[in-house]
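Shown next, in structure tokens, is the structure this report addresses.
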There are 2 protein chains.
Amino acid sequence: MSHRHIDVTAQVTDACLVAAVLDRVAGKWSIGILIAAGQGPVRFTELERSMTGISRRMLTLNLRRLERDGLLLRTVHPTVPPRVEYTLTDCGRELRESLLTLSGWAERHGATIAAAHEAYDREHADTTAE
Amino acid sequence: MSHRHIDVTAQVTDACLVAAVLDRVAGKWSIGILIAAGQGPVRFTELERSMTGISRRMLTLNLRRLERDGLLLRTVHPTVPPRVEYTLTDCGRELRESLLTLSGWAERHGATIAAAHEAYDREHADTTAE
DNA sequence: CAGAATCCGATGCGATACTG
DNA sequence: CAGTATCGCATCGGATTCTG
């Protein structure tokens, strides 16, 4: 009764879809930005500070991509000095919810994964010197 | 992506947690692999074929990382020819569920995003020639 | 069958300097 | 304040070849 041979083709579609999604989010910062932008309109500099470590260049590039994907809305106030605010679209807000689900998973399994790393590295530390 | 070492102990924000999660999954193929591996034990070659387009090298690298993260279990049957099967761990299975949530989001908003792309590109095609 | 090893181009990302 | 432009390294990822 072992169903060893499984038709995976049905899953390929899902896989590609998810890959397409996460490709927009795969960078080092996109997710953080999406989550940080969830608190309402956020200014460029606010993001820059809350994303500790990001370069200005990368922040800009990621914001542009998220905007192009229709996940983020960019509003320029024609004042001096300039004031630009970023807001999640409905679409982006939904994505953010899903990402927060992943966040929950991370909280539950963070320690487990760290332990798995150690175990793996210890086991695969086969040096010729040993 | 393996260069993104995130210090989970120091960072407590949701953004970093999710980033930590998706860093393990951020590659071009990891997600597809996790989803494809959901149907039970899958052999190396099965994955290779179902992941149309992946190179052998990348499949191996991704499998190794997922295994190291404790998401995937690698079982080697000492036969000739060799037979290696990959199975999701409980941890990985949970992650897969969350990824399927993202898949749902992708299905709902795929067209919207494509439209956003067109709109953005059209609007930002400001050439000096126009 | 299931990799490992090597080469190489494409891309990600940071650092720095300049601007309206 | 909110970017843009340029440089340069590190890593990603594909193609190919070799192996137990």
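Basis for what follows: all heavy atoms, side chains included, without hydrogens, waters or symmetry-related copies. Chain identifiers are assigned alphabetically (A, B, ...) following the order of the sequence lines, protein sequences preceding nucleic acid strands; residue numbering begins at 1 within each chain.
- For the pair A:L47 CG and D:dA2 C1', the computed distance is 12 Å after rounding to whole Å.
- In the set C:dA4, D:dG3, D:dG14, the nucleotide with an atom closest to the side chain of B:T60 is C:dA4.
- Interatomic distance, OG1 of A:T87 versus CG of A:L71, reported as 13.0 Å (0.5 Å rounding).
- A close approach under 4.0 Å does not occur between any side-chain nitrogen or oxygen of A:K28 and OP1 or OP2 of D:dT11.
- Ranked by how close their nearest DNA chain C nucleotide is to the 5' end, A:R56 and B:R74 are led by B:R74.
- Of the two residues near DNA chain D, A:R57 and A:P81, the one whose nearest nucleotide lies more 5' is A:P81.
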| task | Mind running side chain to side chain contact (heavy atoms under 4.5 Å, CB included) on A:R64 and B:Y120 for me, showing each step along the way? | result | CA-CA 10 Å; A:R64 288 289 179 278; B:Y120 184 96; 3.4 Å; yes
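- Across C:dG14, D:dG3, C:dA2, the shortest atom-to-atom separation from the side chain of A:W29 is found for C:dG14.
- With respect to A:I54, the side chain to side chain contact (heavy atoms under 4.5 Å, CB included) criterion is satisfied by exactly one of A:L59, A:L47, A:T60: A:L59.
- Here D:dA2 presents its C1' atom at 17 Å from CE of A:M51, a figure rounded to the nearest Å.
- Residue B:S55 has its side chain nearest to D:dG14 when only C:dG3, D:dG14, D:dG3 are considered.
- C:dT11 atom P lies 13 Å from atom CE of A:M58, rounded to whole Å.
- The side chain of B:P82 approaches C:dC1 more closely than any other nucleotide in the set C:dA5, C:dC13, C:dC1.
- Whole-Å rounding puts the A:R83 CZ to D:dG3 P distance at 13 Å.
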| Would A:L88 and A:L73 satisfy side chain to side chain contact (heavy atoms under 4.5 Å, CB included), going step by step from the backbone distance to the final call? | CA-CA 6 Å; A:L88 286 182; A:L73 192 65; over 6 Å; no
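- A straight line from CZ of A:R65 to C1' of C:dT11 spans 11 Å, rounded to a whole angstrom.
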